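Since the structure comes first, as structure tokens, the remarks are kept for the end.
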Amino acid sequence: MHRYILKRLVQLIPVILGVVLIIFLIMDLTPGDPARMVLGNMASEEAIAAFREEQGLNDPLPIRYLRYVFDMLRGSLGTSYRSSRPVIDELLARFPATMQLASASIIFALVISVPIGIVSALKQNSLFDTVGMVAALLGIAMPAFWLGLILIISFSLKLDWLPSSGSGSFKHLILPAVANGVSCAANIARITRSSMLEIIRQDYIRTAKSKGIGKMKVVLKHAMGNCWIPVITVAGLQFGTMLGGTVIIENVFAWNGVGDFLLKSISAKDTPCVLGGIVMFTVVFSVVNLLVDIVYAFIDPRIKAQYQ
Amino acid sequence: MKHLKKFMLLVLAAALVLSTFAACGGDVQEKPQPSTSQEPSTGTESTGTETETTGLSRIVVIAQNNDLTTLDPHQHNDLISGNVTRMLYDTLIRLNDKNEYVPCLAQSWEYLDKNTVELKLTPDVQFHDGHVMTSEDVKYSLERQKASSFCGYLLDMITAIEIVDELTLKLTVVDESAALLSSLAHQCSSILPKEYTEKLEGEGKAFSDAPCGTGPYKFDYWNIGDECQIVRFENYFDEAYAAKNEGLKFRYIAEDNSRVIALETGEVDMILRVPSTSVASLEGNSDVKVLRFESCDLNYISPNCSGPLFSNEKLRQAIAHCIDRDAMIQVQCNGNAVPNFAPIGIAAIGYSEPATKREYDLEKAKQLLVEAGYPDGFEFTLSVWGDLNAKSAQVLQAACQQIGVKVNIEILDNSSMVDKCGGAKHDAGMDNWTANSEPDNTYRPWFSRELIGAGGYNWSCYPGEEIEALMEKALSVTDPAERQSYYTQINDFVAEHAVVWPLFSAQGMVATRSNVDGIQLYPTMMHLFQFVTVAE
């Protein structure tokens, strides 16, 4: 198991190098001079030339790429062109908020969706199943910004129960977590239902039932064990994506996360911030996927056996 | 069962980790307790706009549509950061609400000869750290600013700074120029404490993280990407400009609708840059008021006057007559703008209504098209920044179609726009511009011939020397009326030769809760917030 984890972490290195190269190429190929974008419309040609020289923008792409990689190995992600602050500081100022929102969203999604999925499967074609799955369909179809605004209008403007924007307290977290978690919950509910439907028709479940084991015990002990794999796969992927920042939710709720920061950095051609953000996203996404794989081993002994 | 238990344990552990992270998030987001409370002090009754204990209004919460980049006044030149830095620092000269330059940190200024200006500093001005301002601080600050890539250009006319005594300096300037006063009054020309700044930066810390100035407010805290709070400076030197509230909290709310809702729910006291689509609903809300003012904004199209098509003046004039400004104002600003025919915002210093106003007239446009040698029309690409501007572009597209001219609209992001139009690779480019208090800061980047194709903002690429000659004359005089006469000539020339196609000046709008008063609004958007009070 340890060797497997180590192997996966080592595999991250070429992935990061590849990602950095791709972002370097994309940022280089897109039009616009970072110096001009950062210094503004009144900057003199001398100031722009000096800025380019200072930031090493006049060097050829391979040199800039290698310099970035060496700096990265030394733990530096560079300095923001716009704020002159270390990129790592910029990211660390925002990542906890993103982590907080993603965690709350995924917890909300799991708490809502897994029971709905299970009950829908057990009561297939019932009214509960139909309503649950239509709701899931709506959850997937509703654009997050629209849902966010509807929640704000309902719970902040009309009912005055919750703050409409900002962060800092549990109350601030509720609306963005719900808006962010709904589509994820809808996906998980559908996966849970289809997975459970498949499992409860298998022979070993029939055997368990015929032995007189209670229905709850059959579902929770025997069926759920196999049902978790696809659910955790989907939840893990969604969680990883959320950790990359959810620009729309962050904008609508003025949530200080990395998504909005990354978007602004892209428009301003603040390459160090874009690279730093993407590197962080790559690492976080890979680590989440690795954690998901480790969780598999705990759930399914057959997978664990493969690691050993 | 054994595995299920293990799994449950893992879930619990994960939940613990997640909640720890969530708590970490909370820590980072947690606002340091300001020294003054947003609520009235405990045990005091709020009476009208003031609290009994301090006689001041509570902290005012202001929402902006963008995030601050820095609190170092020499490391930015943007309005969003400027709204905070203007409150933290002072400049040597102040531009008042009547567009007059009045003393601030400099008590007086005088041209000893055409190359030397003597500045007498205001005595007993304290920095937030308690240190008293001297000539050393002023010299240091101006030199620090001159070295800045962001705003050093503002002081290009100053070639030497000499300290005469503790409160007197001599500036050696290239020539007598009105631009000196506007530059010294610019938000970036802020004065910092030399000793404090050198010590801080010597320790490898950023000045932006612990800013210190002479302004009516001192720094309290800044949660990067979220909010920044500044609190009243008790020892502010100028009673007339001292803060009438306990502090200001600037919040970043990017989304237009969310900003408007935050105002409606009372989470914020004021929003800057009101989205025009929300004006009607805000004006129908008795808890909110919308304050309007004439702005220095200009929406415009720059034809490439050096390009293969629009080097033909008649062709430029023909398209200028296809601009239906009223329709554009309606579709893009919901009517909240005024038509403009000059190449500078309607409330900006330098503005004048041009002698030739090229109104919407398709018959005239057809006639000019024939004179230009294109009786059967032609095709050109209009590069547009942003979706909002595309609405006006479509109005022009529809009008041009009626005279046989095909307009291809190309929507670009900001950097692509600057790359294409700044590089003179365009047919015509559409954007908007906010002028500041110095007209040369608009006319020069727009019309300086050395900037054609250099990647800047001379998108009209007009090759003639007429505008540049007038620009230099305007810069070389200090009498405002004489200066204005040169800018009037530029405006007339630009309109006559259709060098730029000005469209409209959007109305400036700020919305506040109905119990908020006292904001001093400036057409340049550099508003003053220290007089704002909130009635409880």
Side-chain angles (χ1 to χ4, degrees), chain A residues 30-33 36-37 39-45 47-48 50-51 54 82-85 89-90 92-94 96-97 99-101 103-104 107 145 149 152-153 156-157 160 163-169 221 224-225 228 250-254 256 260-261 264 267-269 291 295 298-299 301, chain B residues 1 3-4 6-7 10 14-15 18-19 21-22 24-31 67 69-70 72 75 77-78 149-154 156 206 208 223-227 251-255 257-259 261-262 264-265 267 413-416 418-420 422 433 441 445 451 454-457:
Chain A
T30 49
D33 179 5
R36 176 69 66 185
M37 301 308 299
L39 298 181
N41 49 25
M42 281 304 299
S44 64
E45 293 308 304
I48 285 171
F51 184 89
E54 186 187 315
R82 288 171 299 163
S83 67
S84 310
R85 206 176 283 120
D89 290 356
E90 293 276 10
L92 287 177
R94 293 166 173 90
M99 187 69 173
Q100 198 179 24
L101 179 59
S103 304
I107 289 168
F145 77 90
L149 286 174
I152 290 175
I153 290 168
S156 303
L157 196 59
D160 199 19
S164 68
S165 59
S167 51
S169 74
K221 187 181 172 188
M224 273 313 288
W228 276 120
E250 286 171 14
N251 265 320
V252 170
F253 292 97
N256 180 25
D260 181 54
F261 170 71
K264 286 226 155 44
S267 346
K269 285 216 83 171
L291 288 175
V295 170
F298 283 95
I299 297 169
Chain B
M1 191 65 195
H3 294 309
L4 188 63
K6 273 187 182 173
F7 176 67
L10 191 74
L18 291 182
S19 52
F21 271 118
C24 288
D27 282 341
V28 170
Q29 293 302 316
E30 196 176 304
K31 280 82 188 157
D67 189 17
T69 51
T70 177
D72 184 335
Q75 291 302 315
N77 192 359
D78 67 270
S149 305
F150 291 84
C151 52
Y153 70 89
L154 286 166
D156 275 351
S208 176
N223 289 334
I224 295 166
D226 190 8
E227 63 182 36
R251 282 188 57 192
Y252 164 41
I253 306 179
E255 223 283 318
N257 290 313
S258 305
R259 215 164 49 253
I261 290 173
E264 289 181 310
T265 57
E267 288 169 59
D413 66 277
N414 196 18
S415 56
S416 308
V418 176
D419 184 67
K420 183 163 188 182
W433 180 278
N441 290 343
L451 297 179
Y457 286 81

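Predicted, not measured: the structure shown is a model, and the values here were computed from it. Convention: sequence-line order gives letters A, B, ...; per-chain numbering from 1.
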> So what's closer than 4.5 Å to chain A heavy atoms on B:A262: side chain, backbone, both or neither?
Replying inline: both
> Can you check whether B:S208 reaches A:R85 side chain to side chain, under 4.5 Å on heavy atoms?
Replying inline: yes
>> Given 3.5 Å as the limit, does a donor-acceptor pair link the side chain of B:S258 with the main chain of A:V252, or not?
In response: yes
>> Just verifying a value: how many Å separate B:I261 CD1 and A:S164 OG, rounded to the nearest 0.5 Å?
In response: 6.5 Å
> Which distance, rounded to the nearest 0.5 Å, do you find between the CG of A:D160 and the OG1 of B:T265?
Replying inline: 7.0 Å
> Contact part of A:S156 toward chain B, heavy-atom cut-off under 4.5 Å: side chain, backbone, both or neither?
Replying inline: both
> What residue, out of B:D72, B:T70, B:I253, has the most heavy-atom pairs lying under 4.5 Å from chain A?
Replying inline: B:I253
>> Can you tell me how far apart CG (A:N251) and CG (B:N257) are? Round to the nearest 0.5 Å.
In response: 11.5 Å
>> To the closest 0.5 Å, what do you measure between CD1 (A:I153) and CD (B:E264)?
In response: 9.0 Å
> Under 4.5 Å between any side-chain heavy atoms of B:Y153 and A:L39, yes or no?
Replying inline: no
> What residue in B:G152, B:S416, B:G225 has the most heavy-atom pairs under 4.5 Å with chain A?
Replying inline: B:G225
>> Taking every non-hydrogen pair under 4.5 Å, which of A:A50, A:A268, A:S165 racks up the most with chain B?
In response: A:S165
>> Heavy-atom cut-off 4.5 Å, strictly under: side chain, backbone, both or neither for B:D67 against chain A?
In response: side chain
> Could you state the interatomic distance from CG (A:L157) to CD (B:E267), rounded to the nearest 0.5 Å?
Replying inline: 9.5 Å
> What residue in A:A104, A:S83, A:P163 has the most heavy-atom pairs under 4.5 Å with chain B?
Replying inline: A:P163
>> Ignoring hydrogens, what is the shortest heavy-atom contact between A:R82 and B:F150? Give both atom names and the distance.
In response: O-CZ, 4.2 Å
>> Quick check on B:L154 against chain A: is it the side chain, the backbone, both or neither that has a heavy atom closer than 4.5 Å?
In response: neither
> Quick one: CG on B:D226 to CZ on A:R94, what's the gap to the nearest 0.5 Å?
Replying inline: 9.5 Å
